[in-house]
2 protein chains.
Amino acid sequence: MDGRNGRAAGADRTPEGVGRAAWSKVDPASFDNVERGCTVIRMPGPIQSIERAAAILRLLASGARKMGVAELATALGLPKGTVRGILRTLQHVGFVEQSQDTGKYQLGAALFHIGSSYLDVNELRTRALNWSDSLAARSKESVRIGTLHEGQVLVVHHVFRPDNSSQVLEVGALLPAHASALGKVLLANDPLDQLDDAGLVGFTPATCTDPERLREMLAEVRARGWASDVEEMVEGEVSVAAPIRDRRGVTVGAIGISGPIERLCGMTGEDARTPRVELVSYVREAARAISRDLGAIPW
Amino acid sequence: MDGRNGRAAGADRTPEGVGRAAWSKVDPASFDNVERGCTVIRMPGPIQSIERAAAILRLLASGARKMGVAELATALGLPKGTVRGILRTLQHVGFVEQSQDTGKYQLGAALFHIGSSYLDVNELRTRALNWSDSLAARSKESVRIGTLHEGQVLVVHHVFRPDNSSQVLEVGALLPAHASALGKVLLANDPLDQLDDAGLVGFTPATCTDPERLREMLAEVRARGWASDVEEMVEGEVSVAAPIRDRRGVTVGAIGISGPIERLCGMTGEDARTPRVELVSYVREAARAISRDLGAIPW
DNA sequence: GAATGCCGTTCGACAATGTCGTACGCCGGT
DNA sequence: ACCGGCGTACGACATTGTCGAACGGCATTC
């Protein structure tokens, strides 16, 4: 029997279970006490209840709707009673809320507030605030700053295009890394190769879903110092991005602009699918300016 | 000794402890197993470790800087080892990150992303997106939508003023309820009296810090259906807000505009400290429109 | 209208689990 | 060189979280 979770027979049956089996494959550094089968000595392992609570929160966040106890329980492969206990606690601390009529659960306001404080701590975002505004003004396009998070691009800042059109705020959203300029810059400059070959979903005909070709593109991105995405995520939309580095020279994020292909690309022949040079310059200058703020050696 | 936490002698010593003593005063419905002293039978209480994890996250969110294990441990009145175990778990699920050099902890990206999904679930915000844009266009001022959360105003949406000035995004921020139009609307229409007399801090000379006078103001706000704040939080800044109600008629949020006193108020005599009538109309119309979207009976 | 199925909820016993205290190695200040 | 403080590791104890079964309400079905 498993040294830690011998009791949770129900959990180990389901592959998506949040029993001890779940994270051992997620964390490469953890001991594989599950493969071995039984009697691992005793490791200072993660706390079971907290991991399960986190899994519940993730589930509630992914499904953009309210979920019931039974739904969560089956999804996690846990007994209802257990899930209910965790939910009660999460509700108690304000991380989830319960609809009074349906009895279903959803994310809570406290979690939202705590999560948004991440932006205050995030040095990248703090330092980038000024420069992103000026980039938006110069380029007249919307500006986004992103960071690599589990193989995807986490948007930590978003400046709307300076016209009066209504735009949705994307802060906190996750973008696909292989189909956005931000993502390509981040992937290309990331020390550990986070490129997930299986995750190369196609959004448009222009999306690059071939791992090999993508790696070539990333090499080029790394060499020239900026990346573009021409209708690879959304038809008619183009984005350009450049890396932001910190004092040690490692890429901690990326800044980029995005907008309609008519405005961002040239008008004739081959240029019709190439971002305009002055916009690329703006982006790269902004990225360099922020990097300098973060202490990177100007190069 | 305390029935549940008898072992945690260290926790009970500190007033801010996260032992069982902490939440019993927060949750009015919970049994006061602490006052009684000892041997409460056994209640389906909140899960200890999760509560503690939440407390750690709150602490990390409040102090806008990285914190160490010892710092957190003393603040919570818990032994270092315990705090470290929880932190390791939180780090494992991505809710906190650890600086590789200093060893201190800060909030993690995963928590931020999960928290921001709250906005997708929040029906108030979803329905209010369109109307807030048009309110910003009509009033030419920045628009905020807020909800009452633990006696403060949680900003769930923010539309920048439609000029090109650089503004900070306030989504996720908490505003004082007694010194903002949004807050006053929410307090005035809240079923349970969340007004905290002790929390009436003064920001400017105009801030109302007298509970009695504030209650009178709230009664007036309730009667006339909108609230204003004239330099009560920030000198020179004025805000106007109106309540958003759902189908049952309860106030679920508030929408309002804010801007410099020169633009929002009249120019002469008594009007100099009264919001202009057309702006008030815009705000109230927007609030009514959203309420209608939420299913409120048009009145 | 009764029966059925599903849901959220409650409860109590078991033992696995989280907690606690002590001890280690390391760094920076004195 | 000493000391204090930090983040970290480990092991024993019994408290605590987990589990499964049972309860009552609600909507749908026959």
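The sequence lines fix the lettering, A, B, ..., with proteins before strands; numbering per chain opens at 1. Just so it is clear, the structure is predicted and the values come from calculations on it, not from any experiment.
- When heavy atoms are screened at a 4.0 angstrom cut-off, A/Gln98 is found touching the sugar-phosphate backbone but no base atom.
- Residue A/Tyr105 has no polar side-chain atom (N or O) positioned under 4.0 Å from OP1 or OP2 of C/dC7.
- With rounding to whole Å, A/Arg52 atom CZ is found 9 Å from C/dG18 atom P.
- In the interface, the side chain of A/Lys80 is paired with the base of C/dG8 through a donor and an acceptor atom under 3.5 Å apart.
- What separates CZ of A/Arg84 from C1' of C/dC6 is a distance of 16 Å, to the nearest Å.
- The separation between A/Leu72 atom CG and C/dT9 atom C1' is 15 Å, rounded to whole Å.
- Residue B/Ala70 has its side chain nearest to D/dC6 when only C/dT9, D/dT8, D/dC6 are considered.
- Atom-to-atom, CG of A/Leu87 to P of D/dG17 comes out at 15 Å; the value is rounded to the nearest Å.
- Counting to the nearest Å, the P atom of D/dG17 and the CZ atom of A/Arg88 are 11 Å from each other.
- Among the nucleotides C/dT9, D/dT8, C/dG18, the one closest to any side-chain atom of B/Ser49 is C/dG18.
- A pairwise comparison of heavy atoms in B/Leu186 and B/Gly253 identifies CD2-C, 3.5 Å as the closest pair.
- Side-chain contact annotation: A/Lys66 with A/Thr102, donor-acceptor N/O pair under 3.5 Å absent.
- Residues passing the side chain to side chain donor-acceptor pair (under 3.5 Å) test with B/Ser132 are B/His157, sequence neighbours excluded.
- The interatomic distance linking A/His92 (NE2) with D/dG17 (P) rounds to 13 Å, in whole Å.
- Proximity note for B/Ile47 (side chain, C-beta onward) versus D/dG17, C/dG8, D/dG7: the nearest is D/dG17.
- Comparing atom distances between the B/Thr82 side chain and each of C/dC20, C/dG18, C/dG8 picks out C/dC20 as nearest.
- Listed nucleotides C/dG8, D/dG20, C/dG18 differ in distance to A/Pro79; the shortest reach to its side chain belongs to D/dG20.
- Under the side-chain contact (heavy atoms from CB on, under 4.5 Å) rule, A/Val171 has a single partner from A/Val156, A/Ile145, A/Leu119, A/Leu154, which is A/Leu119.
- In this structure, A/Gln100 places its CD atom 16 Å from C1' of D/dG25, rounding to the nearest Å.
- Looking at residues two or more places apart in sequence or on another chain, you find a ring pair (Phe, Tyr, Trp, His ring centres under 6.0 Å) between B/Phe112 and A/Tyr118.
- Both A/Gly81 and A/Ile50 lie close to DNA chain C; mapped to their nearest nucleotides by heavy-atom distance, the more 5′-ward contact belongs to A/Gly81.
- The CD1 atom of A/Ile86 sits 15 Å away from the P atom of C/dG8 (whole-angstrom rounding).
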